[in-house]
*Asks:* 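Handing you a structure now.
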Protein chains: 2
Amino acid sequence: MYPNEAGPDAQDRLLDAAERLFAEHGFHGVSLRTITTEAGVNLAAANYYFRSKEVLFRAVFERRVGPVNADREALLQELMARSAGRPAVGEVLRAFLEPAFRASTSPGAEMFRKLSGRSSVDPSPEVRRIVYELYDPVSSRFVDAFKRACPDLSREDLFWRLASVFGAMMYVRADSGRLQRLLGDDLNMSDPEAAIAHLIPFLTAGMEVPPITTRDENEREST
Amino acid sequence: MYPNEAGPDAQDRLLDAAERLFAEHGFHGVSLRTITTEAGVNLAAANYYFRSKEVLFRAVFERRVGPVNADREALLQELMARSAGRPAVGEVLRAFLEPAFRASTSPGAEMFRKLSGRSSVDPSPEVRRIVYELYDPVSSRFVDAFKRACPDLSREDLFWRLASVFGAMMYVRADSGRLQRLLGDDLNMSDPEAAIAHLIPFLTAGMEVPPITTRDENEREST
DNA sequence: GTCTATATGTGGATAGAC
DNA sequence: GTCTATCCACATATAGAC
């Protein structure tokens with residue numbers, strides 16, 4: 001092994017191993033010893049390059065979330081310009097979902113999709129803090145876009161519908177294996193294009209059903 | 001404290017404390033010490049009543065999943081009889097979702113909904129094993145019902161649509177707090193009736209969109 | 001059944017040699 | 001930068017007194 005010659009260096013090998021093992025066992029389910037062994041580096045190296053296990057976990061996210069956020073921002077900005085600020089909901093969904101599934105086609109990116117999906121409902125406060133911090137700024141801009149795309153929905157309606165949108169996206173990214181058990185192992189969720197092609201029509205239809213609750217007048221914003 | 005007089009006994013207090021703490025920190029994120037302290041029992045009692053931490057975790061699930069499964073089975077059976085084996089997809093969704101949200105209105109039941117939702121994509125092999133084992137038998141009967149309700153969908157289409165259904169249900173049950181951060185703290189997911197009222201129309205619309213993939217002829221079953 | 005005390009293992013993190 | 005050796009906190013689980 002010649003770290004500076006062939007293959008990724010120790011830091012990248014640590015990030016790759018951590019990405020996979022956190023995805024498969026969760027933050028608390030895997031030890032630094034296991035991660036460093038898989039990465040082929042000494043235990044002490046993990047604390048040399050990263051200050052702690054939590055920082056390593058955060059670094060795994062930061063490496064992947066940046067590009068996703070940048071793609072989402074670019075697509076949203078282009079969409080808003082093209083639609084004069086009144087986008088179709090299906091287009092907002094597309095700008096939100098495509099970067100989440102397409103971003104990077106490396107093998108590690110697939111592991112990260114699982115990690116991200118699974119972390120999105122991980123109860124551990126450490127995990128939640130990191131996930132929210134990295135995804136929320138861009139997500140809140142999409143919430144605004146959804147409001148503009150669905151001006152007849154009350155905040156409450158929007159809240160429940162976005163729960164379905166987030167839940168569906170997250171469940172597919174998490175790829176828990178449950179539905180393969182129920183429907184057959186030949187099926188799989190790892191194809192980003194298939195995920196996009198199936199999720200967008202389903203979620204668009206859901207977002208477009210007539211309002212359930214009555215819209216409070218004082219919620220209305222000027223357009 | 002008089003265990004046999006007022007209030008729940010040590011086993012129930014352990015189950016209640018474990019339910020809450022597992023929901024809030026995950027299986028690996030909380031120790032038996034913390035659980036027994038919260039339950040007001042000695043550490044050794046946990047290993048006396050339950051053989052291990054994993055058995056305690058399983059017992060938490062078994063206490064709640066039994067009634068949900070029974071309700072689901074009853075509703076499904078009644079639906080199939082009423083519809084002569086060709087149910088409307090919205091009715092299948094109702095029979096699947098209502099028990100998951102209504103089952104028991106005790107405060108503990110709300111914590112369990114979070115635990116169950118969060119556990120459904122928990123990466124830990126121990127957690128996955130228990131969740132699948134307890135929910136799968138009834139869930140696979142619902143998969144059959146969905147097939148009958150949507151006979152024009154290919155297995156692949158059904159797979160992706162059920163991912164959205166499972167994902168939405170799970171995300172609402174998990175109640176990660178993410179959407180409250182994005183839309184406002186006055187909103188909440190803890191009202192079972194509101195969850196049902198919003199999820200069913202959304203998911204019905206998604207299930208009813210025209211097929212995306214072409215249906216393979218050799219998938220067709222006699223009706 | 002309920003406690004104290006403890007066995008036994010593993011975790012994250014670090015000191016300090018090279 | 002990279003290693004060995006180790007500190008120390010905390011985990012699960014149990015033995016054994018009462």
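We name chains A, B, ... by the order of the sequence lines, and we start the count at 1 in each one.
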*Asks:* What is the separation between atom CG on A:L56 and atom P on C:dG12, rounded to the nearest whole Å?
*Replies:* 10 Å
*Asks:* Grab the CZ-P distance between A:R51 and C:dA15 for me, whole Å please.
*Replies:* 14 Å
*Asks:* Please find out if less than 6.0 Å separates the ring center of B:F61 from that of B:F112.
*Replies:* yes
*Asks:* Would you indicate what A:A44 reaches in the nucleic acid, counting non-hydrogen atoms under 4.0 angstrom: base, sugar-phosphate, or nothing?
*Replies:* base
*Asks:* For A:R33 and D:dA5, give me the distance from atom CZ to atom P, rounded to whole Å.
*Replies:* 13 Å
*Asks:* Can you find a side-chain donor-acceptor pair between B:R113 and B:S190 that sits under 3.5 Å?
*Replies:* no
*Asks:* Could you state the CG-P distance from B:L32 to C:dT8, rounded to the nearest angstrom?
*Replies:* 20 Å
*Asks:* Quickly work out the A:F50 CZ to D:dT2 C1' distance and round it to whole Å.
*Replies:* 15 Å
*Asks:* Whole angstroms only, please: what is the NE2-P distance between B:H25 and D:dC10?
*Replies:* 16 Å
*Asks:* Of all the nucleotides listed (D:dT14, D:dT2, C:dG12), which has the minimum atom distance to the side chain of B:N47?
*Replies:* D:dT14
*Asks:* I want to confirm an ordering. Mapping A:L43 and A:Y48 to their closest nucleotides on DNA chain D, which one lands closer to the 5' end?
*Replies:* A:Y48
*Asks:* Using a cut-off of less than 4.0 Å, is there contact between a side-chain N or O of B:N42 and OP1 or OP2 of C:dT2?
*Replies:* no
*Asks:* Atom NZ of B:K53 to atom C1' of C:dG9: distance rounded to whole Å?
*Replies:* 15 Å
*Asks:* Take atom CD of B:E126 and atom P of D:dA11, then tell me their distance rounded to the nearest Å.
*Replies:* 17 Å
*Asks:* For D:dC10, does OP1 or OP2 lie under 4.0 Å from any side-chain N or O of B:S31?
*Replies:* no
*Asks:* For a 4.5 angstrom cut-off between non-hydrogen side-chain atoms, does B:E91 reach B:L75?
*Replies:* no
*Asks:* Would you check if B:R129 and B:E54 make a side-chain contact, meaning some heavy-atom pair closer than 4.5 Å?
*Replies:* yes
